[in-house]
There are 2 protein chains.
Amino acid sequence: MRINTVFEALSHPVRRQILTLLKTGPMSAGELAGHFDLTKPTLSVHFNKLRDAELVAVERRGTSLIYHLNMSILEEALSGLLGKKDQTP
Amino acid sequence: MRINTVFEALSHPVRRQILTLLKTGPMSAGELAGHFDLTKPTLSVHFNKLRDAELVAVERRGTSLIYHLNMSILEEALSGLLGKKDQTP
DNA sequence: TCAATAGTTAGATAATTATCTAATTAGAGT
DNA sequence: ACTCTAATTAGATAATTATCTAACTATTGA
């Protein structure tokens with residue numbers, strides 16, 4: 001887990017809202033994009049950053065890409081910061 | 001609590017390490033700066049962002065400024081993201 | 001195989017963030 | 001008042017990040 005990548009991913013409001021949306025269940029890229037006033041390519045970049053951080057996982061179903069939330073990375077990163085372990089990057 | 005400001009503050013490795021250093025106890029600006037290969041003005045900017053986010057509090061002692069960690073904001077922000085409440089900015 | 005749909009990748013530009021040097025403010029001691 | 005030390009603010013520049021349009025890839029179904 002690259003702690004730096006995780007917190008960098010969490011720093012953008014759109015990306016945090018994507019995670020919030022995914023808390024209700026998996027969702028396709030297009031469906032997620034529909035919640036924002038941004039173009040699909042822009043959202044695609046955000047998806048990539050979340051995927052790099054392993055905060056989400058992707059699965060293809062037909063022509064759609066379904067994004068799943070990966071809660072555990074979130075918890076790992078946060079407990080790392082709160083806990084005793086040194087988190088120097 | 002401005003959730004956006006908090007996560008923005010947490011996004012930079014230097015700022016996260018400042019928080020980690022403060023976990024061992026309060027520390028002056030100069031003492032903190034000694035841990036990094038950056039100029040004092042640069043560190044000062046980082047301190048400001050942490051203070052804006054209320055992740056640290058400052059207290060003056062003589063000519064020194066002593067920084068204290070404010071753990072509770074950290075926990076608030078993180079539980080906000082993990083929990084049920086909508087965190088739309 | 002052609003067309004339609006879903007999504008991504010490439011490349012350019014605008015906006016934001018990090019960093020430095022130089023100058024300034026604030027307090028303590030002489 | 002003067003000087004020293006600690007730290008900040010201002011202003012400029014470099015580096016990074018976000019966003020868009022245009023073009024491309026992949027899958028499905030007629």
Side-chain angles (χ1 to χ4, degrees), chain A residues 2-22 25-69 77 87-89, chain B residues 2-22 25-69 77 87-89:
Chain A
R2 296 272 43 248
I3 187 103
N4 210 29
T5 310
V6 174
F7 277 103
E8 174 53 37
L10 290 175
S11 71
H12 198 288
V14 165
R15 290 191 293 264
R16 287 199 308 278
Q17 196 176 352
I18 291 169
L19 296 179
T20 299
L21 287 166
L22 290 177
M27 220 178 279
S28 73
E31 196 174 354
L32 284 166
H35 286 83
F36 299 91
D37 194 22
L38 295 167
T39 64
K40 278 179 168 195
T42 296
L43 266 295
S44 195
V45 171
H46 287 306
F47 296 151
N48 274 337
K49 298 203 175 197
L50 289 169
R51 202 160 49 76
D52 286 352
E54 298 177 82
L55 285 162
V56 301
V58 209
E59 162 214 6
R60 178 177 282 277
R61 196 180 313 168
T63 91
S64 293
L65 293 181
I66 311 291
Y67 285 92
H68 300 254
L69 180 59
Q87 289 299 325
T88 313
Chain B
R2 297 269 45 250
I3 188 101
N4 209 30
T5 311
V6 174
F7 276 103
E8 172 53 33
L10 290 174
S11 71
H12 197 287
V14 164
R15 290 192 291 264
R16 287 199 307 279
Q17 197 176 350
I18 290 170
L19 296 179
T20 299
L21 287 165
L22 290 178
M27 220 177 278
S28 75
E31 196 174 354
L32 284 166
H35 286 82
F36 299 91
D37 194 21
L38 295 168
T39 65
K40 278 179 168 197
T42 296
L43 266 294
S44 196
V45 172
H46 287 307
F47 296 152
N48 274 338
K49 299 203 175 198
L50 289 170
R51 204 158 49 74
D52 286 352
E54 298 176 81
L55 285 162
V56 302
V58 210
E59 162 212 6
R60 178 177 282 277
R61 196 180 310 171
T63 92
S64 292
L65 293 180
I66 312 292
Y67 285 92
H68 301 253
L69 181 58
Q87 289 299 322
T88 313

NA contact type, A/Y67, heavy-atom cut-off 4.0 Å: base, sugar-phosphate, or nothing? sugar-phosphate
Distance test, side-chain N/O of B/T42 to OP1/OP2 of C/dC20, below 4.0 Å: yes
Would you say the side chain of B/T5 lies within less than 4.5 Å of the side chain of B/E54, judging by non-hydrogen atoms? no
D/dT9 phosphate, OP1 or OP2, under 4.0 Å from B/N48 side-chain N/O: yes
Can you confirm whether B/N4 sits close enough to A/R16 that some side-chain heavy atom of one is under 4.5 Å from a side-chain heavy atom of the other? yes
If the sugar-phosphate is the primed atoms plus P, OP1 and OP2 and the base is the rest, what is the B/S/- string for nucleotides 10-16 of chain D, using protein heavy atoms under 4.0 Å? -------
Just N and O in the side chain of A/K49: are any of them under 4.0 Å from OP1 or OP2 of D/dT17? no
For B/F36 and C/dT19, what is the distance between atoms CZ and P respectively, to the nearest whole Å? 10 Å
Interatomic distance, B/L32 CG vs D/dA7 C1' [rounded to whole Å]: 12 Å
Nearest to the side chain of B/L38, heavy atoms from C-beta on, is which of D/dT19, C/dT19, C/dT8? C/dT19
Between B/H46 (NE2) and D/dT9 (C1'), how many Å, whole number? 16 Å
Please check the phosphate of D/dT17 (OP1 and OP2 only) for any side-chain N or O of B/H12 closer than 4.0 Å. no
Would you please confirm or rule out a distance under 4.0 Å between OP1 or OP2 of C/dA6 and any side-chain N or O of A/T63? no
Using a 4.0 Å heavy-atom cut-off, does A/S64 contact any base of the nucleic acid, only the sugar-phosphate backbone, or nothing at all? sugar-phosphate
Compare every heavy atom of B/K49 with every heavy atom of B/A9, then report the nearest pair and how far apart it is. CB-O, 3.9 Å
What closest approach, in Å, do B/F47 and B/V56 show between heavy atoms, and which atom pair accounts for it? O-CG2, 4.4 Å
For A/S11 and for B/I66, locate the closest nucleotide of DNA chain D by heavy-atom distance; then report the residue assigned to the nucleotide nearer the 5' terminus. B/I66
A/Q17 vs A/H35, side chain to side chain contact (heavy atoms under 4.5 Å, CB included): CA-CA, chis, key distance, verdict: CA-CA 9 Å; A/Q17 196 176 352; A/H35 286 83; 5.6 Å; no
For the side chain of B/F47, starting at C-beta, report the closest nucleotide among D/dT19, D/dT8, C/dT19. D/dT8
Measure the shortest side-chain to side-chain distance between B/R15 and B/L55 over non-hydrogen atoms and say whether it is less than 4.5 angstrom. no
Just the rounded figure in Å: distance from C1' of C/dG7 to CE of A/M27. 17 Å
Take atom CZ of A/R61 as the centre, draw a 6.0 Å sphere, and report whether it contains more than 12 heavy atoms from other residues, nucleotides or ligands. no
Which atom names give the shortest non-hydrogen contact between A/V6 and A/A77, and what distance separates them? CG1-CB, 3.6 Å
Write down the distance between CZ (B/R61) and P (D/dA7), rounded to a whole number of angstrom. 12 Å
Separation of A/I18 atom CD1 from D/dA18 atom P, in whole Å? 11 Å
So B/R15, base contact, sugar-phosphate only, or nothing? Heavy-atom distance under 4.0 Å. sugar-phosphate
A/L65 atom CG is separated from C/dT9 atom C1', nearest whole Å, by 13 Å
Can you tell me which nucleotide in C/dA6, C/dT9, D/dC20 comes closest to the side chain of A/K40? C/dA6
Within the structure shown, what part of the strands sits under 4.0 Å from B/E8 by heavy-atom distance: base, sugar-phosphate, or nothing? sugar-phosphate
Hey, does the side chain of B/S28 come within less than 4.0 Å of D/dA7's phosphate (OP1/OP2), counting only N and O? yes
